[in-house]
Amino acid sequence: MSDPFALLGVDETADDEAIKRAYLQRVREHPPERAPEQFQAIRSAYEHIRDQRERLTYFLFHTEPPDPAVLAATLLGARRAARPSAEGVRRALRAGLERFEVADE
Amino acid sequence: MRSFFRSLAEKMSKGKAKAGRSGAAQQKEGGPGLEQHAAAALAGRRWREAIEDYKQLLKQEARPQWREALAAAYLGRCGELAGKGMVKEAAALWENMAAVCADRRGYGHYLGWLARARNWERVGSAYRDAPPDYWETPAGRNLLTALAAHLVAGNPALEQVLPQESALRRQLPAAQAAVDAYCRGDDDALAATLRELPFRSPYRDLRTLLQGASAQEPQAAAAQLRKVPASSAFAPLAELLGLPLLRPEQLTARLTALRGEERALAMGLLGLETAQRRLLGDLLALKDHGAPSAKEFYSFLMNHVTELGAASVQRMARALLPHYPSGLRAYEKRFGRVPSYERHRVAALRAELEHDDEQIVAEWRLCIKELLASGDKQERLMAALTMRRYVHRQTDGGTPPHHSIPDLAHALELDPDDRAAWLELAELSHRAGDKTRHGQVLEQALKRFPDDAEVLMTAANAAARRRAYKKATDYARRLLALDPINRAARQVLLDSALAHAAKQVAGGKAHLAHKTLAAATADARDDNQRGQLEMADGLVALPSGDGKARESIETGLRRSGADLRAGLRLLVEGTRFGVNQRQLTPLLAALAPGGGRAELMGLFELVRHYRNNGLKGVADAVAVLEPRIGERLQALAELELAQVQFICEELAALPHHPLLFQVANRANRRWHDRPRFVYYEVLGKNKGRLPKRGTDLARLKQAERRAADEGDRETLDLIAEYRLPGIGSMRNPFGMPGMPELREVQRMIEQMSPAEMEEAIRQMAEMIGNDLGMGDFDDDDGDDWPPRRGRRR
């Protein structure tokens, strides 16, 4: 599971109301019928920090090591779309051709 | 003399060999013999032999058919070399063939070998000489596309050797302009430039992928990119340009699979800033050699606090500390000194990961002590949560340790709003057999959570179990006021009515019992429940010889499903209402044939319900139903492991050993001797007694070992109890509440000072007394142990 605070975009000091508002906002951005996996992640994050008891339980007992893949995905989720440089495309093409094998007849 | 003859013999043998060889050569050099040999070699695909032979033949005479055969042999040998990956050699040999035989067969193959040898300039040079239709073949089109890709990537040498009039050179400027337009973001110019590329252009795959990469809508873009064939030289670029369209999780997986230059290029394509690229690069490098260790990931986090954000890193580092406790120092250096409880928290979690039970208890206790010492409200709540957690871990399966209930009660003093803890405390009290506390806890929970469905249901079931049917009915009605369709609550009402009616029958008031059952019909919501009441009504009337009684029972049986569950109800309720089960057995003929797993589970859930509520006659009823149950055991194959285990638990509790053996035996065949099922099988086979057979004992021992390896405390307890009945499980060897566990006693003894040890021995000796025959004790001592001082006769 990724960091629930980061996923909902709230600070650790946020109260129940602020967390709920953040959760509802995220659900509007990723509704279950359009983005079921993201919705599940958001829901799970909310359940883990929805009130003081849950937050303290998370702080006390959460030992699941962060997943580098999930962290990478979070970083990648924050990127902006951009076009590569022409030189970048050419280099990419060359790199791909290095491993490309012409099919035999 | 001897040496002379020896050397003569040697000379003669060498001479013979030479004669042999020249004989064969002479044979070969002879026309028909050699030709035959050559033809045989060619037909047998012995290419090198064939080449040698035909060369020899052509030296004698330049026959066209021999030249052709030589070319075929050469081509065969080229193919052989290429098949071994020796493509350079294959291409060189082909050139030889072309020169020697003036034959250009297999030109396409030759170009392919040049391409595989990555000799693109030679490919370009050979371009002109290819047969015109070659470029229309699939291999030819692939090669053309590969040449196109090399040109777009920038290969001036290749460009120079290609004919100026070729499509490759003529259309190259448009292709390059299209790439530039795409990269500039000038989609209008891109579209215009792409229109200059004809439909059958060698750059058509580039056109497809640029159209895809520039599409606005992600799904359309992905669909377009997928049109680039996997065999195309532009396919790797299409894959890279498609990366931004992937979801982050998919993208991470793809990036992880890329290496070096391609990964760096991919991140450039993703529009990441330099710092982000560095961070992501470091992160992906962690996964390059498999999953990173806790230490590696911890170091990564500490090295990227600024980029990732201090708060986020702090949380992730905290989660990693139990896996890497040495990181605490770096953690404190970065985030400040941690509170005293935190060290014990990390140590306790570490102990949990290592399954070190003693350390778990010790460290959590210390953590709780530190949390309580502060007096801070939040830390008191944390203490409560910690107590609850470690009680939960200790009581998860197996006999609850003696300290669980007081610890949980203490946790509730600190945090009385923890509803789940109230229910857990009630459950622990029930398991410990402390009915009084069980009832008290539920009463307190109800005061605090009067409208909680789960609390009400638990209280209703508890009241029914202790036959406080009025209370059970009250709780059930309160629950139904909140949740009108709660079936379990309605069943409580029904069960209470049945119990009350049975009491009335026992008191000789059958007429009142009929009224009770009639009134209860208003609470019944479905046919099943109505059937139960109808059946009960018939049971009440049966002893009086009422002719309709049997009809009522039969109708009730049908309405409540006519399955094994209904059959069990009939027999057990019959016992409750004072009707002999033998009298009811003929009515079981109305039961429907096998109903599968639902029927089996329904039956044993009812067995549990009846046992929990202390109803009599359940074991007898199961014995009556045994043949029918046996017929339905095939349905076990449809059940999950936990469900089959549940059935075994019920059969063992009844007990019904024949069925227990059958069920456990099937389970062992299916799940390869799970320790619990081995225990049940041996128990069932030996009718609850200790096995006499060595094989059964050996199996039990093996199951015990396996249970220990798997940390299956519950099974260990069961086996220990079976082997040493009366003494109880090893966890509480004295079998008495309030006594400490053996390990705790051991620890106490180890921690005693010599003086304390001496005093303990003195007290024990005084208790046991000088009379080693245990003495005569006052009967009033009852079950007290050790006997109180001064009470010996």
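The chains referred to below are lettered A, B, ... by the order of the sequence lines, with proteins before strands, and numbering in each begins at 1. What you see is a predicted model, and the numbers here were worked out from it, not measured in a lab.
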Test side-chain contact (heavy atoms from CB on, under 4.5 Å) applied to A:Arg53 and B:Asp415, step by step: CA-CA 10 Å; A:Arg53 189 175 288 109; B:Asp415 179 23; 2.8 Å; yes
Test side-chain contact (heavy atoms from CB on, under 4.5 Å) applied to B:His150 and A:Leu93, step by step: CA-CA 8 Å; B:His150 276 279; A:Leu93 195 47; over 6 Å; no
Pair B:Gln176-A:Arg90, side-chain contact (heavy atoms from CB on, under 4.5 Å): steps then yes or no: CA-CA 10 Å; B:Gln176 285 172 331; A:Arg90 292 190 174 93; 4.0 Å; yes
Portion of B:Thr386 that has a non-hydrogen atom of chain A nearer than 4.5 angstrom: both
Proximity breakdown for B:Pro138 and chain A, heavy-atom pairs closer than 4.5 Å: neither
Proximal component of B:Ala149, with respect to chain A [non-hydrogen, under 4.5 Å]: both
Contact origin within B:Glu307 toward chain A - heavy atom pairs under 4.5 Å: neither
Non-hydrogen atoms of B:Pro292 and A:Pro68 that approach each other most closely: CG-CG, 3.6 Å
Least distance between heavy atoms, A:Gly96 atom then B:Pro236 atom: CA-CB, 3.6 Å
Toward chain A, the part of B:Leu349 with a non-hydrogen atom under 4.5 Å: side chain
B:Gln378 versus chain A, the contacting section by heavy-atom distance below 4.5 Å: both
Pick from B:Leu280, B:Thr145, B:Leu240, B:Leu241 with the largest number of heavy-atom pairs that fall under 4.5 Å of chain A: B:Leu280
Pairing of B:Asp186 and A:Arg83 as salt bridge, 4.0 angstrom limit: no
Inter-residue atom distance A:Leu60.CG - B:Arg388.CZ, 0.5 Å rounding: 13.0 Å
Stepwise side-chain contact (heavy atoms from CB on, under 4.5 Å) test for A:Leu71 and B:Phe297: CA-CA 11 Å; A:Leu71 183 57; B:Phe297 198 28; 4.0 Å; yes
B:Arg380, CZ atom: more than 12 neighbouring heavy atoms under 6.0 Å: no
Option passing side chain to side chain contact (heavy atoms under 4.5 Å, CB included) with A:Thr63 (candidates B:Arg318, B:Glu352, B:His323): B:His323
Heavy-atom closest contact (B:Gly154 atom, A:Arg94 atom, distance): O-NH1, 4.3 Å
Engaged part of B:Phe300 at the chain A interface, taking heavy atoms whose separation is under 4.5 Å: side chain
Atom pair CG (A:Asp3) and CZ (B:Arg315), whose distance is rounded to the nearest 0.5 Å: 4.0 Å
Most contacts with chain A, counted as non-hydrogen pairs under 4.5 angstrom, among B:Ala294, B:Cys183, B:Ala348: B:Cys183
Approximate separation, where rounding is to 0.5 Å, of A:Arg55 CZ and B:Leu385 CG: 12.0 Å
Side chain / backbone / both / neither for B:Asp417 at chain A, heavy atoms under 4.5 Å: both
Proximity breakdown for A:Gln52 and chain B, heavy-atom pairs closer than 4.5 Å: side chain
Interchain contact, B:Leu308 with chain A, by part (heavy-atom threshold 4.5 Å): side chain
